[in-house]
Amino acid sequence: MGESKARISCLASGNGSNLQALIDSCASGVIQGNIIKVTVNRKDAYAVKRAEAAQPPIPTDYFNLVKHGFLAAGEKDPDKVKQARFGYDTALAERILAGKPDLIVLAGWMHVMSTGFLNPVAAAGIPVINLHPALPGMYDGAGAIKRAYEDFQAGKLKNGITGIMIHYVVEEVDRGAPVLTQEIKIEEGESLEELEQRIHGCEHEIIVKATALLAQKFVSAKKHATG
């Protein structure tokens, strides 16, 4: 019988460079896991190409809020949008859970998950993790790097330190318990673009470390349970 590995389901919306780091680290054995599926919500997401180019190729699933009939294009009514997102998230959870993953990784997934997704996944006992370019409790939501940089420029960022974290996903955006954190000091004279590039360079390492950590925990627990 082969060595036990965690089944990992990834969700991405764009280029998928963090996904590529995960694919490479699963292939090299750094992560004791296999990516069983990559779900995208944008048809032209380059993450699809990365999944298809993997050896062996990773199955992909395109599933979109508007294109798959949950929300009418251009609909702005807040109640209808909320209801549509909940319906989409519930259906998304069903699609993900059908693959029986042990871990779900949001690798550049540009969609805030509601309880429609989080509750059934939590009930199945499957952790969901996400990368956010800020430290816990700081700069939740969009534009985190820019806001940290602006505070640094204004002398309001304590010790000039921002950072990145991998956290468990909960309903409150970017407020789930951290899995791993990394501090990053903003340098005097550094441009916003240079800071963004430096932070993105650290993201690949931390998402791999956190995924490897949780995959190892799963494999160890499974070995203990069957041993």
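Throughout, numbering of the chain's residues begins at 1 and tracks the sequence. FYI, side chains are in, hydrogens and waters are out, and symmetry mates aren't considered; it's all heavy atoms of this structure.
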Subject >> Exam field: side chain Asn15 to backbone Tyr46, donor-acceptor pair closer than 3.5 Å >> reply: no
Original post:
With a 6.0 Å cut-off on ring centres, are Tyr139 and His132 close enough?
Top reply: no
**OP:** List the steps, then state whether side-chain contact (heavy atoms from CB on, under 4.5 Å) holds for Val38 with Val48.
**Re:** CA-CA 7 Å; Val38 173; Val48 171; 6.0 Å; no
Subject >> Donor-acceptor contact below 3.5 Å, side chain Asp174 vs main chain Gly141 >> reply: yes
Original post:
Between Leu92 and Met113, is a side-chain contact (heavy atoms from CB on, under 4.5 Å) present by the stated rule, with each step listed?
Top reply: CA-CA 10 Å; Leu92 178 63; Met113 298 297 203; 3.7 Å; yes
For residues 206-218, which side-chain N or O atoms pair as donor and acceptor with protein atoms under 3.5 Å away, sequence neighbours left out?
unit_1, atom_1, unit_2, atom_2, d
Lys209, NZ, Glu205, OE2, 3.3
Thr211, OG1, Ile207, O, 2.7
Gln216, NE2, Ser220, OG, 2.8

Original post:
Shared ILVMFWY cluster between Leu118 and Tyr168, side chains joined below 4.5 angstrom?
Top reply: no
Original post:
Looking only at side chains, do Gln20 and Asp24 share a donor and an acceptor under 3.5 Å apart?
Top reply: yes
**OP:** Flag yes if more than 12 heavy atoms outside Glu171 fall under 6.0 Å of its CD atom; otherwise flag no.
**Re:** no
Original post:
Do Arg85 side-chain atoms and Leu65 backbone N/O form a donor-acceptor pair below 3.5 Å?
Top reply: no
**OP:** Measure across Pro133 and Glu203 and return the closest heavy-atom pair with its distance rounded to 0.1 Å.
**Re:** CB-OE2, 4.1 Å
**OP:** Spell out, yes or no, whether Val112 and Ile104 are grouped together once hydrophobic residues are joined by side-chain heavy atoms under 4.5 Å, including indirect joins.
**Re:** no
Subject >> Expected output: side-chain Asn64 to main-chain Asn41 donor-acceptor under 3.5 Å >> reply: yes
Original post:
With distance as the sole test, does Lys67 use its side chain to make a donor-acceptor pair with the main-chain N or O of Tyr62 at under 3.5 Å?
Top reply: no
Subject >> Stepwise salt bridge (charged side-chain N to carboxylate O under 4.0 Å, His left out) test for Glu150 and Lys146 >> reply: CA-CA 6 Å; Glu150 287 169 351; Lys146 185 171 187 281; 2.7 Å; yes
Original post:
In Å and rounded to the nearest 0.5 Å, what is the OG to CZ distance from Ser191 to Arg198?
Top reply: 10.5 Å
Original post:
What orientation do His111 and Trp109 show, parallel under 30°, tilted 30 to 60°, or perpendicular over 60°?
Top reply: perpendicular
**OP:** Say whether Leu157 and Ile184 are linked into one hydrophobic cluster, either directly or through other cluster members, by side-chain heavy-atom distances under 4.5 angstrom.
**Re:** yes
Original post:
Backbone N or O of Ile36 within a donor-acceptor pair of the Arg7 side chain at under 3.5 Å?
Top reply: no
**OP:** Kindly work out whether a path of hydrophobic side-chain contacts (I/L/V/M/F/W/Y, heavy atoms less than 4.5 Å apart) joins Val169 to Leu131.
**Re:** no
Original post:
What about Ile145 and Ile166, same hydrophobic cluster or not, with Ile/Leu/Val/Met/Phe/Trp/Tyr joined at side-chain heavy-atom distances under 4.5 Å?
Top reply: yes
**OP:** Kindly indicate whether the side chain of Glu187, heavy atoms from C-beta on, has any atom under 4.5 Å from the side chain of Glu194.
**Re:** no
**OP:** Look only at the side chain of Arg42 and the backbone of Ala12, and say whether a donor-acceptor pair between them is shorter than 3.5 Å.
**Re:** no
**OP:** Determine, step by step, whether Ile58 and Asn34 satisfy the side-chain contact (heavy atoms from CB on, under 4.5 Å) criterion, reporting the C-alpha distance in whole Å, the side-chain angles of both residues, the deciding distance to 0.1 Å, and the verdict.
**Re:** CA-CA 9 Å; Ile58 300 164; Asn34 291 318; over 6 Å; no
Subject >> Main-chain N/O of Asn159 paired with Lys185 side-chain donor or acceptor, under 3.5 Å >> reply: yes
Subject >> Evaluation steps, side-chain contact (heavy atoms from CB on, under 4.5 Å), between Val128 and Phe117 >> reply: CA-CA 10 Å; Val128 185; Phe117 181 87; 4.2 Å; yes
